[in-house]
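See below for the structure under consideration.
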Number of protein chains: 2
Amino acid sequence: MNKSNLYKGCLEPILLKLLKENGRMYGYEMTQKVKALTAGELKITEGALYPLLHRLEAEGILEVEMENLGNRVRKYYSLTASGKKEQARSMIELEAFKNTLQLIFNPKLA
Amino acid sequence: MNKSNLYKGCLEPILLKLLKENGRMYGYEMTQKVKALTAGELKITEGALYPLLHRLEAEGILEVEMENLGNRVRKYYSLTASGKKEQARSMIELEAFKNTLQLIFNPKLA
DNA sequence: AATCGATACATAAGTATTTTAGGTATTTAA
DNA sequence: TTAAATACCTAAAATACTTATGTATCGATT
């Protein structure tokens with residue numbers, strides 16, 4: 001998604017946040033949304049995205065609705081009830097992460 | 001280092017920062033320092049630490065001095081000139097990372 | 001004197017996430 | 001009509017870390 005290794009592990013929280021904010025999105029839309037939000041800084045690769053969406057669906061965190069556009073199919077994902085809980089948990093984890101990094105990289109502000 | 005996946009990719013910047021602040025440290029000392037700084041939140045595992053130290057040394061980012069304590073050996077690591085540049089670059093990358101996450105997770109503040 | 005926890009190094013197999021590199025097919029704009 | 005954009009997908013490889021294990025010394029407790 002970026003040259004930097006730091007983003008590793010961030011994809012799941014990002015997807016959950018996108019779905020929380022937008023309610024209902026399809027994969028390609030997510031890649032475009034992230035590119036737009038970050039002014040091109042962060043690009044979600046499809047090789048990471050689709051397998052993760054499938055895993056989250058299998059885990060019951062996401063649910064899918066197929067939609068037909070002429071001859072094509074679009075798969076809309078949204079958070080299940082369990083997914084909403086997971087999303088909240090994920091944001092708490094992200095906060096803790098931020099605070100821990102603060103302790104290491106900004107040791108002055110204690 | 002933590003249950004969370006978010007820390008993946010953070011170990012290298014952390015080590016570089018520790019060495020910038022402390023000048024000269026040995027591996028075990030780094031694990032203790034991080035535990036202390038983060039009140040036990042973040043634990044660097046030796047299985048991740050030592051291979052990384054060896055890689056950074058091989059890349060010329062770190063240099064080593066052996067020190068004898070009685071019958072034991074301690075390996076002190078410090079940043080080379082190239083390592084200092086890399087450390088600075090790493091901090092810039094971390095800032096960019098922080099800002100990008102901000103764009104995704106705090107979209108209000110634009 | 002023996003044992004346990006802490007100190008201090010190290011490696012190797014396994015796991016999980018992402019990258020890289022493909023593949024299919026439709027729609028739209030040049 | 002052809003290229004770029006849209007829209008899905010997978011599989012092999014790379015990467016980073018975990019888990020488990022190993023060696024050995026030192027200091028404190030039993």
Side-chain angles (χ1 to χ4, degrees), chain A residues 1-16 18 24-36 40 42-59 61-62 64-77 90 93-94 97 100, chain B residues 1-16 18 24-36 40 42-59 61-62 64-77 90 93-94 97 100:
Chain A
M1 39 206 307
N2 188 293
K3 284 94 212 158
S4 171
N5 277 331
L6 293 168
Y7 294 93
K8 278 178 207 266
C10 288
L11 186 52
E12 184 173 331
I14 289 173
L15 298 189
L16 296 180
L18 287 178
R24 192 166 170 279
M25 299 180 84
Y26 55 98
Y28 185 75
E29 190 184 9
M30 299 179 197
T31 68
Q32 301 308 301
K33 187 68 176 179
V34 167
K35 218 202 295 186
L42 194 54
K43 280 166 188 148
I44 292 180
T45 59
E46 298 179 318
L49 175 66
Y50 289 113
L52 178 52
L53 288 174
H54 300 162
R55 199 200 84 206
L56 293 174
E57 190 198 344
E59 289 174 358
I61 288 168
L62 301 184
V64 189
E65 282 173 278
M66 310 292 254
E67 205 148 298
N68 284 47
L69 319 94
N71 259 327
R72 267 194 287 187
V73 178
R74 209 180 250 171
K75 293 175 78 174
Y76 277 95
Y77 290 90
S90 163
E93 193 175 292
L94 188 70
F97 171 63
T100 300
Chain B
M1 41 206 304
N2 189 292
K3 283 94 211 156
S4 171
N5 275 330
L6 293 168
Y7 294 93
K8 275 178 207 267
C10 287
L11 186 53
E12 184 174 331
I14 289 173
L15 298 189
L16 297 180
L18 287 179
R24 191 166 171 280
M25 297 179 86
Y26 56 99
Y28 184 76
E29 190 185 8
M30 299 179 198
T31 68
Q32 301 308 300
K33 187 69 177 178
V34 167
K35 217 200 298 184
L42 193 57
K43 279 167 188 147
I44 293 180
T45 59
E46 299 178 315
L49 175 66
Y50 290 112
L52 178 53
L53 287 174
H54 300 161
R55 198 199 84 208
L56 293 174
E57 189 197 345
E59 289 174 358
I61 288 169
L62 300 185
V64 189
E65 282 172 278
M66 308 292 254
E67 205 148 298
N68 285 46
L69 318 94
N71 258 329
R72 268 194 286 186
V73 178
R74 208 181 252 173
K75 293 175 77 173
Y76 276 96
Y77 290 90
S90 164
E93 193 174 291
L94 188 70
F97 171 63
T100 300

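Side chains included, hydrogens not; waters and symmetry mates left out as well; all remaining heavy atoms used. The structure presented is a predicted model; accordingly, all values stated were derived computationally and were not measured. In the text below, chain A, chain B and the rest are named by the order of the sequence lines, each starting its count at 1.
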**Request:** In whole angstrom, give the distance that lies between atom OH of B/Tyr7 and atom P of D/dA16.
**Result:** 19 Å

**Prompt:** Taking NZ from A/Lys43 and P from D/dT6, how many angstroms apart are they, rounded to a whole number?
**Reply:** 14 Å

**Message:** For B/Lys8, give me all partners under side-chain contact (heavy atoms from CB on, under 4.5 Å), at least two apart in sequence or on another chain.
**Reply:** A/Lys8, B/Asn5

**Asked** Looking at A/Leu6, A/Leu94, A/Thr100, which one forms a side chain to side chain contact (heavy atoms under 4.5 Å, CB included) with B/Leu6?
**Response** A/Leu94

**Residue list, salt bridge (Lys or Arg N to Asp or Glu O under 4.0 Å) with A/Glu46, at least two apart or on another chain** = none

**Complete:** Rounded to whole Å, the CD-C1' distance (B/Glu12 to D/dC17) equals 14 Å

**Asked** In chain order, what residues pass the salt bridge (Lys or Arg N to Asp or Glu O under 4.0 Å) check against B/Arg24, with sequence neighbours excluded?
**Response** B/Glu65, B/Glu67

**Prompt:** What integer distance in Å separates A/Lys8:NZ from D/dT15:P?
**Reply:** 8 Å

**Message:** Once salt bridge (Lys or Arg N to Asp or Glu O under 4.0 Å) is applied, do any residues pair with B/Glu59, and if so which ones, sequence neighbours excluded?
**Reply:** B/Arg55

**Message:** How many whole angstroms separate atom CD1 of B/Ile44 from atom C1' of D/dA16?
**Reply:** 14 Å

**Complete:** For B/Glu57, the salt bridge (Lys or Arg N to Asp or Glu O under 4.0 Å) test, sequence neighbours excluded, returns none

**Sugar-phosphate only, base, or nothing, as touched by A/Asn2 at under 4.0 Å among non-hydrogen atoms** = sugar-phosphate

**Prompt:** If you look at every heavy atom in A/Leu52 and A/Leu11, which pair is closest and at what distance?
**Reply:** CD2-CG, 3.6 Å

**Prompt:** Rounded to the Å, how far apart are A/Leu42 CG and C/dT18 P?
**Reply:** 11 Å

**Base versus backbone protein contacts along nucleotides 9-14 of chain C [heavy-atom cut-off under 4.0 Å; B, S, -]** = BBBB--

**Message:** Under 4.0 Å, heavy atoms only, any strand: does A/Leu11 hit a base, just the sugar-phosphate, or nothing?
**Reply:** sugar-phosphate

**Prompt:** Is the shortest side-chain N/O distance from B/Asn5 to OP1 or OP2 of D/dC17 below 4.0 Å?
**Reply:** no

**Those residues that, when tested against A/Lys35, pass side-chain contact (heavy atoms from CB on, under 4.5 Å) (two or more places apart)** = A/Gln32, A/Lys43

**Prompt:** Where along nucleotides 25-30 of chain C does protein come under 4.0 Å, by heavy atom, of base (B) or sugar-phosphate alone (S), with - for untouched nucleotides?
**Reply:** -BS---

**Message:** Rounded to whole Å, how long is the line connecting atom NZ of B/Lys3 with atom C1' of C/dA16?
**Reply:** 17 Å

**Message:** Could you work out, with side-chain contact (heavy atoms from CB on, under 4.5 Å) as the rule, every residue matching B/Asn2, not counting sequence neighbours?
**Reply:** B/Ser4, B/Tyr7, B/Glu41, B/Leu42

**Request:** Would you kindly give the CG-to-C1' distance between A/Leu6 and C/dT18, to the nearest whole Å?
**Result:** 14 Å

